[in-house]
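Side chains are part of it too, since the values below use all heavy atoms of this structure and drop only hydrogens, waters and symmetry mates. First the proteins, then the strands, lettered A, B, ... as listed; each starts at 1.
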Amino acid sequence: IIEEEDLEDPLWELEMALLESDVEMTVAEEILQTIRDKMIGETRAQVDTTGELVSEALHDALYDVISVGQFDFDQRVREAEKPVTIIFTGVNGVGKTTSIAKMARYFEERGLSTILANGDTYRAGANEQIQKHADNLDKKLISHEQGGDPAAVLYDGVEFAEAHDIDVVLGDTAGRLHTSNDLMAQLEKIDRVVDPDMTLFVDEAVAGQDAVQRSKKFNDAAEIDGTILTKADADSNGGAAISIAYVTGKPILFLGVGQDYDDIERFDPERMVNRLLGEEE
Amino acid sequence: MVLDNLGSSLRGSLDKLQGKSRLSEEDVEEIVKEIQRSLLSADVDVSLVMDLSSSIKERATEEEPPGGTSARDHVLKIVYEELVGLIGESTEIPLEPQTIMLAGLQGSGKTTTAAKMAWWFSKKGLRPAVVQTDTFRPGAYDQAKQMCERAEVDFYGDPDEEDPVKIAREGLEETDDADVHIVDTAGRHALEDSLIDEIEDIESVVNPDLSLLVLDAAIGQGAKEQAREFDDSIGIGGVVITKLDGTAKGGGALTAVNETDSSIAFLGTGETVQDIERFEPNGFISRLLGM
Ligand SMILES: Nc1nc2c(ncn2[C@@H]2O[C@H](COP(=O)(O)OP(=O)(O)OP(=O)(O)O)[C@@H](O)[C@H]2O)c(=O)[nH]1
Ligand SMILES: Nc1nc2c(ncn2[C@@H]2O[C@H](COP(=O)(O)OP(=O)(O)OP(=O)(O)O)[C@@H](O)[C@H]2O)c(=O)[nH]1
Ligand SMILES: [K+]
Ligand SMILES: [Mg+2]
Ligand SMILES: [Mg+2]
């Protein structure tokens with residue numbers, strides 16, 4: 001029979017391992033609590049050590065968290081009424097604009113036409129950056145002058161797509177921190193006015209404990225359908241995936257794995273769990 | 001006391017010591033645990049937290065509080081001293097002609113910081129110029145140019161040139177009139193060998209007096225590897241922490257300072273060119289311990 005005290009050491013080690021992988025602390029503690037509850041009182045076979053049983057339970061617990069809400073993204077877009085409007089949100093510099101460029105390529109490969117609409121009317125060089133991506137990918141960009149109303153640009157994008165039979169509108173937003181009440185209110189307004197078919201939250205794999213706070217705040221302001229986790233090539237930890245899936249209850253859909261247009265992959269929960277547990281091939 | 005704004009759980013366990021003049025082993029144990037929690041939630045490197053907390057534990061157990069000092073204040077003093085010992089004072093930035101190069105991960109805030117630092121130097125009466133060597137990121141030239149216009153400082157870049165080393169060389173020549181040269185570089189990470197080679201080439205042409213690692217306050221445990229690689233390749237003399245206007249605590253900077261044997265130079269607290277501050281240890285330590 002497994003007793004509370006048998007679990008102390010293995011669970012402490014697991015907690016440290018999860019923190020080293022950037023899983024947020026309260027999320028790590030809740031995951032460990034489910035393991036504790038599940039295992040206390042279980043009988044263990046002669047052959048198994050408590051440590052082995054704990055790591056099996058951890059694998060299952062992580063998988064449960066990280067595979068939350070997975071759906072067939074391609075099918076959902078394919079079957080939706082056109083144009084499908086997708087808005088990208090997230091804090092500063094995580095890779096929203098680059099991910100939009102990658103998604104334009106992704107949809108093209110699946111036979112869907114796209115336009116880009118630049119709702120970042122704030123940051124220096126934002127129009128030039130996304131225009132360059134649009135040129136490289138041979139896509140149309142709808143943009144307004146710096147200082148314009150972001151909701152209006154995105155709305156124009158949708159109207160253009162309707163008039164020209166475009167399948168998907170990829171709408172960018174300016175980076176903002178969740179502590180800025182004004183900018184978060186602006187995001188709510190965009191969500192209300194544009195009423196997108198999908199909102200994708202973009203965050204980076206290199207993020208640590210803060211991933212929980214910001215994903216929660218963004219999900220509250222403009223409810224998300226899923227997450228794109230970028231810069232996975234820069235980081236072998238990936239605990240941010242756990243934190244974000246746990247607090248938002250929404251699936252991680254894509255991984256950004258570099259700066260080129262093809263550097264985007266469908267997210268695979270099983271592979272991420274193995275990576276977190278250091279069991280990668 | 002400097003550490004008045006402590007996180008509530010840490011304060012709770014310290015408050016239990018109120019009125020005590022000696023610490024029991026359990027007291028120390030509990031406080032050390034709370035300190036670990038605070039630092040780990042601030043993204044300080046796990047092994048660094050363990051090292052720090054064991055020296056805190058050792059000192060709290062062994063050192064007698066000086067006469068008249070309560071146990072609570074004694075522990076606080078030890079914690080503060082250990083953290084200050086690690087973080088140190090702000091990186092020295094002489095107000096004289098010099099060249100500073102910025103490096104760091106994609107999106108960490110280098111280009112914004114370049115313009116902010118130029119603004120900062122211009123307020124100190126020096127004439128700064130920013131040289132943009134990022135030939136990779138679309139719109140990098142326009143972004144830096146517009147930020148420098150906002151900061152009202154000199155700027156050099158060449159949107160048609162593909163070789164960052166050449167831009168660096170020409171940029172320094174063209175902005176010869178400036179006192180302070182701030183060289184921006186493209187984002188890159190520790191695992192990209194060819195880009196690490198590239199920044200070494202830029203560095204050897206620029207020959208900076210100081211190379212700063214620009215770190216997002218929200219960076220997690222990866223801070224250690226990034227800091228080590230950048231230090232190995234170009235030598236890091238200081239750290240800039242950006243996006244401190246959010247909720248991230250910036251503990252990655254503590255890791256980076258420890259890893260590169262350097263210090264923190266500037267803090268970024270917003271998107272405009274004025275949103276820059278010199279580093280100041282007290283406020284940062286309070287933040288790490290979770291205000
Ligand atoms: N290594 C790596 N870099 C990436 C990835 N995705 C984006 N980047 C880089 O990250 C930097 C920031 O990307 P952007 O797309 O401008 O980020 P953003 O979220 O739109 O930024 P703001 O609009 O300023 O908030 C750029 O240098 C990109 O090339 C990725 O998956 N891997
Ligand atoms: N809120 C806030 N945003 C910041 C701060 N510093 C930079 N940013 C934002 O972070 C994003 C990325 O900043 P950049 O200066 O483009 O970062 P970079 O390191 O030059 O990016 P790359 O050149 O792509 O590697 C932009 O949206 C900036 O406006 C800061 O201190 N606070
Ligand atoms: K150094
Ligand atoms: Mg952007
Ligand atoms: Mg830049």
What are the two closest non-hydrogen atoms of Thr113(B) and Val240(B), and how far apart are they? CG2-CG1, 3.8 Å
As an exercise: rank Val91(A), Asn127(A), Asn237(A), Asn92(A) by heavy-atom pairs under 4.5 Å with chain B and give me the winner. Asn92(A)
Side chain, backbone, both or neither of Ala190(B) within contact of chain A (heavy atoms, under 4.5 Å): neither
Phe136(B), part contacting chain A, at a heavy-atom distance under 4.5 Å: side chain
Per-residue tally against chain A (heavy atom, under 4.5 Å) across Glu192(B), Arg150(B), Gln226(B), Met147(B) peaks at Arg150(B)
Validation row: Leu62(A), Leu277(A) side chains within 4.5 angstrom (heavy atoms): yes
Does any heavy atom of chain A fall under 4.5 Å from the side chain of Leu40(B), the backbone, both, or neither of them? both
Spell out, as yes or no, whether a donor-acceptor pair under 3.5 Å connects the side chain of Asp231(B) to the backbone of Ile236(B). yes
Would Asp210(A) and His178(A) satisfy side-chain contact (heavy atoms from CB on, under 4.5 Å), going step by step from the backbone distance to the final call? CA-CA 11 Å; Asp210(A) 198 45; His178(A) 47 292; 3.6 Å; yes
Those residues of residues 21-29 of chain A, ordered by number, that approach chain B below 4.5 Å (heavy atom to heavy atom): Asp22(A), Met25(A), Glu29(A)
Is Val169(A) close to Thr114(A) at the side-chain level, that is, under 4.5 Å between some pair of heavy atoms? no
If you compare all heavy atoms of Leu187(A) against all heavy atoms of Arg176(A), which two are closest, and at what distance to 0.1 Å? N-NH1, 3.9 Å
Would a line drawn from the ring center of Tyr141(B) to the ring center of Tyr156(B) be shorter than 6.0 Å? no
Heavy-atom distances under 4.5 Å only: say whether Asp45(B) touches chain A with side chain, backbone, both or neither. neither
Would you say that Leu191(B) contacts Glu225(B) through its side chain, given a criterion of any heavy-atom pair below 4.5 Å between the two side chains? yes
Counting heavy-atom pairs closer than 4.5 Å to chain A, which one of Met50(B), Arg188(B), Glu271(B), Lys145(B) comes out on top? Glu271(B)
Whether the Asp197(B) and Ser194(B) side chains hold a donor-acceptor pair (N or O, under 3.5 Å, no angle test) is what I'd like checked. no
Chain A contacts, top residue of Ser41(B), Gly107(B), Pro138(B) (heavy-atom pairs, under 4.5 Å): Pro138(B)
With only heavy atoms counted, which part of Arg37(B) is less than 4.5 Å from chain A, the side chain, the backbone, both or neither? both
Report yes if some heavy atom in the side chain of Phe266(B) is under 4.5 Å from a heavy atom in the side chain of Val239(B); otherwise report no. no
For His133(A), the ring pair (Phe, Tyr, Trp, His ring centres under 6.0 Å) test, sequence neighbours excluded, returns Tyr261(A)
Which answer fits Glu20(A), side chain, backbone, both or neither, if we ask what part of it has an atom under 4.5 Å from a heavy atom of chain B? both
Please rank Met16(A), Gln209(A), Lys132(A) by heavy-atom pairs under 4.5 Å with chain B and give me the top one. Gln209(A)
May I ask you to name which of Gly252(B), Gly139(B), Gly220(B) has the most heavy-atom pairs under 4.5 Å with chain A? Gly220(B)
Top contributor to chain B interface from Thr97(A), Asp233(A), Asn136(A) [non-hydrogen pairs under 4.5 Å]: Asp233(A)
Out of Ala223(B), Gly270(B), Ala218(B), which one racks up the most heavy-atom pairs below 4.5 Å with chain A? Ala218(B)
Side chain from CB out, backbone as N, CA, C, O: work out which of these in Gln146(A) comes under 4.5 Å of a heavy atom of chain B, or both, or neither. side chain
Can you say whether the rings of Phe218(A) and Phe201(A) are parallel (under 30°), tilted (30 to 60°) or perpendicular (over 60°)? tilted
Any salt bridge between Asp262(A) and Arg105(A), counting N to O under 4.0 Å? yes
Shortest non-hydrogen contact from Val273(A) toward Ile66(A): CG2-CG2, 3.8 Å
What part of Glu149(B) gets closer than 4.5 Å to chain A, counting heavy atoms only: side chain, backbone, both or neither? neither
Residue, of Thr112(B), Leu105(B), Asp216(B), Asp142(B), that accumulates the most heavy atom pairs under 4.5 Å with chain A: Asp142(B)
